[in-house]
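FYI, side chains are in, hydrogens and waters are out, and symmetry mates aren't considered; it's all heavy atoms of this structure. Just so we're on the same page: letters track the sequence lines, and every chain starts at 1. Every value quoted in this text rests on a predicted model; they were computed, and no experiment measured them.
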2 protein chains.
Amino acid sequence: MNVHIGVNGLAVNPETPRGRAPSIRDVARLAEVSHQTVSRVLNDHPSIRPETKERVLLAMETLQYRPNRAARALVTSRSHTIGVLAARSSEYGPATSIAAIEDAAREHGYYVNTANLADVTPEGITDALEHLMLQAIEGLVVIAPQVRVFDVLAAAPIGVPFVSLQSTGRSDHLALSVDQVTGARRATQHLVSLGHREIVHLAGPQDWIEAEARMRGFLDAIDDADLSLHPPILGDWSADFGYFAGRELSRARDFTAVFAANDQMAIGLMHAFRDAGLDVPGDISVVGFDDIPVAQHVWPPLTTVHQDFREVGRRAVALLLNQVHGREVLEVEEIVPRLVVRGSSAEASGRRPRYASVTDSA
Amino acid sequence: MNVHIGVNGLAVNPETPRGRAPSIRDVARLAEVSHQTVSRVLNDHPSIRPETKERVLLAMETLQYRPNRAARALVTSRSHTIGVLAARSSEYGPATSIAAIEDAAREHGYYVNTANLADVTPEGITDALEHLMLQAIEGLVVIAPQVRVFDVLAAAPIGVPFVSLQSTGRSDHLALSVDQVTGARRATQHLVSLGHREIVHLAGPQDWIEAEARMRGFLDAIDDADLSLHPPILGDWSADFGYFAGRELSRARDFTAVFAANDQMAIGLMHAFRDAGLDVPGDISVVGFDDIPVAQHVWPPLTTVHQDFREVGRRAVALLLNQVHGREVLEVEEIVPRLVVRGSSAEASGRRPRYASVTDSA
DNA sequence: CACCCCGATGTGCACGTTCACATCAGCGGC
DNA sequence: GCCGCTGATGTGAACGTGCACATCGGGGTG
């Protein structure tokens, strides 16, 4: 109700004409210099007498001057904004990375504008992209890890450098590759080393880059160990899907371990197994991926592959801004996620695993 | 490496002079009208002959014209951007709301700029606010639900309408109040109705508005039922804290139920109780708050209070944009979250509760 | 038939900033 | 004592758009 707080914020300053916000000319007048000198102070120009600078800064202070971003953007044609193209951004992983991107960008004096992919149709993607381009973004971070997105991106000339948080294997852009393949392989090898020979993979949706990488890691490990291959199940990342998949799986029971492509599905799986009277890890071992914060607190504590989402976001910004500024792009070292063994995986014999408590993260 | 895709995006258009992006004047020249006519087409001015409009649109198309947001913002002094001041934005609830806010804003042709609160010191808050104000935001959504934030907000005249996702009880701004008090009261009453008389509240951090509201709902219910009050434990929302709190609690064991202020802590609690050899809900009932997606898949499935975070985000934007456009602000109806009874709460006697499966959400 | 109004379009300026260039004083070197 | 350089500052234009106002033709009204 009572929301109008003056027209213009701080508004009523006697020095400032009308209801307008103070401009550099107003500051200049007060400091008795030219507007250009004020501009120089703003931009840290070297040849300004300290005394003059002082006077200008004082004038800015008394006038409560704020530089006008639009005017600056207009003349420099730099928006100081980067775009983020994201999918499913309410989930822990992406959300964490996005937050880290925003923090890192702010630290570098940049703004972030996020467009969430409502649907992954070409129209939806073009639409989101259009929105970002209208914002005149200087760079783009892509966290929408469907292959399809990159097809659209490749087709639409976006004209700004972009970085993806998923390695597509393409060379038309920079990717901040977390080595998901190795992560998935290690997870699978862990199960193999526990004596499991019939392992099922509950994968992410087809077309998702991460799902594909984790699947490949799984297949590699199965191949290395010379095991027979169960056809992977394609899920949608959700715990609910994990539950339903687990219900189906517990009918057949021709396996002793499941590697789920993310923790949510793994948790849903365990729920279903419990419902079916199967003990995890006594009857069936389960391994997840991501290490979301609750993973170590569910029962049994989930063996999973830990990813540092914040670090990924940070690096993405660093990489992107390097490109934006035309600096040399340093070699991108891959981040290898690490396996965290907890209670949901045990030897195929059915013996109890060593108990991993909450302190394993310390 | 191979990232530079032309200087300017689509760049090489013979109609466009130099390397500059096409402006309305370029379009005007090609369409053989004045730049003002082009502007009118852009802004859907009524009195334009359809034929002329057609010609202009065609010229835009061939020139791949994009309006320059900075120039427009400069002259209209409207940024078409709203700011979001957020805290802990990687968690499910806030992250979901933020995503919904972005979607809704985009639908209304607005951009969203998010500033995450690194720390809740006055400096941190001012800093984030400063960042947003530099962006010339037209409105602000606050999801940083500490009381302290509102103190700073009240002190610093932000000069734009703002909406908070938490009800502060103050009248200096609009709040989109989810009735957390009622939600918490219902959760507690549920435990009371199951015969529990010794109920502990694992609260959120002091200073958090939501923590306070949930605490009040708890206290109200305890008071109504005339039960003795256990001193609430102040947590930090995290599952890890829930675990440690649970360890402490299981020493005393002078209670039969715990109402946790969010699901993460509830899950941590259950973990600790299990470690201590206590059965949930056989020995102790646990109720959470939020209904995060995994809540129904942990063991036992968590009784909790469901909130629709997306709806909250959507409404926040609607409310805010109404204010921004000076439209009448319609009465804000409170959203009352609903209790979802699952397996983690049972009668104080220790009898097994009816089993609530995943289908309870269907 | 003169008048006015309205629809359709054009003209010039303003927005606040930076950039290119101009100015001016002081100082060292010949 | 003059030249040129350099540091410190000022001057004017430009960026791309929207707004206020001007213009012009046509049609209805008296």
Can you tabulate the close N/O pairs, meaning under 3.5 Å, that link protein atoms to atoms of nucleotides 22-26 of chain C?
none

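In this structure, the CZ atom of A/Arg69 is 16 Å from the C1' atom of C/dT18, given to the nearest Å. A straight line from CZ of A/Arg78 to P of C/dT17 spans 17 Å, rounded to a whole angstrom. Spacing between atom NE2 of B/His35 and atom P of D/dG18 amounts to 10 Å, rounded to whole angstrom units. Computed from coordinates, the A/Asn43 CG to D/dT9 C1' distance equals 15 Å when rounded to whole Å. The nearest whole Å value for the distance from the CZ atom in B/Arg72 to the C1' atom in D/dC15 is 16 Å.
A donor-acceptor contact under 3.5 Å links the side chain of A/Arg25 to the base of C/dT17.
Between the side chain of B/Arg69 and the backbone N or O of B/Ser79, at least one donor-acceptor pair lies under 3.5 Å.
Candidate nucleotides D/dT9, C/dT17, D/dT17 were compared by shortest atom distance to the side chain of B/Pro67, and D/dT17 ranks first. Listed nucleotides: C/dT17, C/dG10, C/dA14. Nearest to the side chain of B/Ser34: C/dG10.
Toward the 5' end of DNA chain D, the nearer of the two residues A/Leu74 and A/Gln36, judged by each one's closest nucleotide, is A/Gln36.
No side-chain N or O of A/His35 forms a donor-acceptor pair with one of A/Thr37 less than 3.5 Å apart.
For residues 44-54 of chain B, proximity to DNA chain C is found at B/Ser47, B/Ile48, B/Arg49, B/Thr52, defined as any non-hydrogen atom under 4.0 angstrom from a strand atom.
Residues meeting the ring pair (Phe, Tyr, Trp, His ring centres under 6.0 Å) test with B/His80, sequence neighbours left out: B/Tyr110.
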